[in-house]
Amino acid sequence: MRMQLSKKMNILAENKELAISSAVIVFCIILGLAFPSGNIIEEITKNIFFFVILPVSYVKIVLKKNTSDFGFNMRNNTAGLRWGAISLAASLASFYLLVEFTPFEKNYGLSAYASGNFWFFVLYELAFVNLALFINEFFFRGFVLNIFLKKFGYLSIAIQSILYISLAIMTESSVWQIAPLAVLSVTGGITAYKTKSFLYSYFSGLLAIIILGAYLIHLAR
C-alpha cells in the first residue's frame with residue numbers, strides 16, 4: 001500500500017514539474033515574440049535573456065539542477081563525434097536537395113555584405129549566425145528537449161522541432177529562410193537525444209550553415 005502511494009505521489013510530482021516546465025517554455029516563447037527589437041544586436045540580446053538566462057535561472061533556482069543535465073556538457077565524446085558527423089552529413093545532404101530541386105537558392109537571403117566580401121562573410125557567420133544558432137540549440141535542443149525527454153522519449157525530438165518551426169514561422173517572412181534551421185532542428189534534435197548534449201548538434205549545425213553559405217556564394221559567382 002505504501003509503495004503504491006509513493007509511486008502515485010512520484011507520478012503526481014513528475015506531472016506537476018512537467019506542467020510548470022511547459023508553462024515556462026511557453027512563457028519564454030511569448031515574451032521572446034512580444035518584446036520589440038530594432039536591430040540584430042537588440043534581437044540577439046533579447047533572445048539571450050528569454051531563451052538562455054530565464055531557462056538557466058529556472059533550472060538552477062526552481063528545479064535545483066545543473067545545466068549539464070539539460071545538455072550543456074560534452075560527456076559522451078565518442079557518441080558525440082559519431083552522431084555529430086552523422087548530423088552534419090544528413091544536414092548537408094538535405095541542403096543539397098534543397099538547392100538542387102527547389103527554388104531555395106533564389107529565395108534564401110544572405111547578407112549582401114557577407115555575400116560580397118569573404119572576410120565579412122566569415123565574421124558574419126562566426127559572430128551573428130554562431131550566436132543565434134547557439135541560443136536556438138540551448139533552448140530547443142537543450143532545455144525544451146530535456147524537459148520532455150523523460151516523459152516522452154523519442155517524441156521529445158519532434159516536440160522541440162515543432163515548437164522551433166512554429167516560432168520561426170511566426171518570426172520569418174519566408175519559408176526558405178526557415179528551411180535550413182528546420183532541417184537542423186531535426187538532425188540536431190536526434191544528435192542531442194542520442195548524446196544527451198546539445199553542444200555536438202550545435203557544432204555540427206554551425207559547420208553545416210557555414211558550408212551552406214559558402215556554397216551559395218560560390219553558386220552566385
Side-chain angles (χ1 to χ4, degrees), residues 20-74 84 87 109-111 113-114 120-149 156 159-173 177-178 180-189 191-192 195-210 212-213:
I20 294 172
S21 298
S22 299
V24 170
I25 290 169
V26 173
F27 180 72
C28 289
I29 291 174
I30 290 174
L31 289 180
L33 287 171
F35 203 83
S37 58
N39 53 57
I40 192 170
I41 302 296
E42 291 180 0
E43 181 73 16
I44 289 175
T45 302
K46 174 190 74 172
N47 288 342
I48 287 174
F49 182 78
F50 292 123
F51 297 125
V52 177
I53 294 176
L54 279 185
V56 167
S57 299
Y58 173 70
V59 166
K60 288 187 169 293
I61 297 172
V62 179
L63 297 182
K64 300 188 184 305
K65 296 180 181 179
N66 296 318
T67 53
S68 59
D69 299 323
F70 287 79
F72 198 11
N73 67 76
M74 296 189 72
S87 176
L110 278 172
S111 165
Y113 292 108
F120 189 88
F121 166 73
V122 173
L123 177 63
Y124 178 81
E125 294 287 310
L126 293 180
F128 299 114
V129 175
N130 178 22
L131 192 51
L133 182 64
F134 179 84
I135 293 168
N136 284 336
E137 292 293 328
F138 181 92
F139 186 74
F140 291 99
R141 263 66 76 193
F143 182 62
V144 175
L145 186 142
N146 282 282
I147 287 295
F148 295 105
L149 181 62
S156 60
I159 292 170
Q160 62 81 28
S161 182
I162 291 169
L163 281 174
Y164 171 75
I165 293 171
S166 300
L167 177 62
I169 289 172
M170 287 186 279
T171 56
E172 291 287 349
S173 58
Q177 293 298 121
I178 300 169
L181 295 179
V183 169
L184 294 182
S185 74
V186 177
T187 58
T191 299
T195 62
K196 303 297 184 289
S197 168
F198 70 84
L199 292 177
Y200 298 107
S201 64
Y202 157 67
F203 289 127
S204 65
L206 178 61
L207 186 55
I209 287 292
I210 291 174
L212 172 64

Main-chain N/O of [Y] paired with [X] side-chain donor or acceptor, under 3.5 Å:
X: Lys46; Y: Phe35; answer: yes
X: Thr191; Y: Gly84; answer: no
X: Asp69; Y: Asn66; answer: yes

Do Leu181 and Ile209 have side chains that get closer than 4.5 Å, going by heavy atoms?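 The answer is yes; the side chains approach within 4.5 Å.
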Val24 side chain near Pro55 side chain, heavy-atom distance below 4.5 Å: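 With C-beta onward as the side chain, the pair stays apart.
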Take Phe198 and Phe139 through the side chain to side chain contact (heavy atoms under 4.5 Å, CB included) test and state the conclusion after the steps. CA-CA 9 Å; Phe198 70 84; Phe139 186 74; over 6 Å; no
From CA spacing to verdict: side chain to side chain contact (heavy atoms under 4.5 Å, CB included), Phe49, Thr45: CA-CA 6 Å; Phe49 182 78; Thr45 302; over 6 Å; no
Ser21-Tyr58 side chain donor-acceptor pair, cut-off 3.5 Å: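 Checked: Ser21/Tyr58 side chains pair up, N/O donor to acceptor below 3.5 Å.
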Judged by modelled atom types alone, do Ser185 and Ser161 share a side-chain donor-acceptor pair under 3.5 Å?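 There is such a pair (donor and acceptor under 3.5 Å, judged by atom type) between the side chains of Ser185 and Ser161.
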Cation-pi between Arg141 and Phe70: NZ/CZ under 6.0 Å from ring centre and within 45° of the ring axis?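 No, a cation-pi geometry is absent between Arg141 and Phe70.
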Can Ile25 and Phe51 be said to form a side chain to side chain contact (heavy atoms under 4.5 Å, CB included), step by step? CA-CA 9 Å; Ile25 290 169; Phe51 297 125; over 6 Å; no
Smallest separation among heavy atoms of [X] and [Y], with atom names:
X: Gly188; Y: Ser87; value: N-OG, 4.0 Å
X: Leu145; Y: Ala192; value: CD1-CB, 4.4 Å
X: Ser156; Y: Leu149; value: OG-CD1, 3.7 Å
X: Gly205; Y: Leu133; value: C-CD2, 3.6 Å
X: Ile162; Y: Ser166; value: O-OG, 2.7 Å
X: Asn39; Y: Ile41; value: OD1-N, 3.1 Å

Nearest-0.5 Å distance, OG1 of residue Thr171 to CD1 of residue Ile29: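 Answer rounded to 0.5 Å: 11.0 Å.
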Criterion ring-ring contact (aromatic ring centres under 6.0 Å, His included) on Phe138 and Phe143, from CA distance to verdict: CA-CA 6 Å; Phe138 181 92; Phe143 182 62; 7.6 Å; no
Apply side chain to side chain contact (heavy atoms under 4.5 Å, CB included) to residues Ile53 and Ile48 and explain how you reach the verdict. CA-CA 6 Å; Ile53 294 176; Ile48 287 174; 4.2 Å; yes
Set of side-chain contact (heavy atoms from CB on, under 4.5 Å) partners for Ile159, sequence neighbours left out: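 Testing Ile159 for side-chain contact (heavy atoms from CB on, under 4.5 Å), a comparison that skips the adjacent residues, returns Phe148, Phe152, Leu163.
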Does the plane of the ring in Phe140 sit parallel, tilted or perpendicular to the ring in Tyr164? Use 30° and 60° as the thresholds.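 Judged by the thresholds at 30° and 60°, the geometry between Phe140 and Tyr164 is perpendicular.
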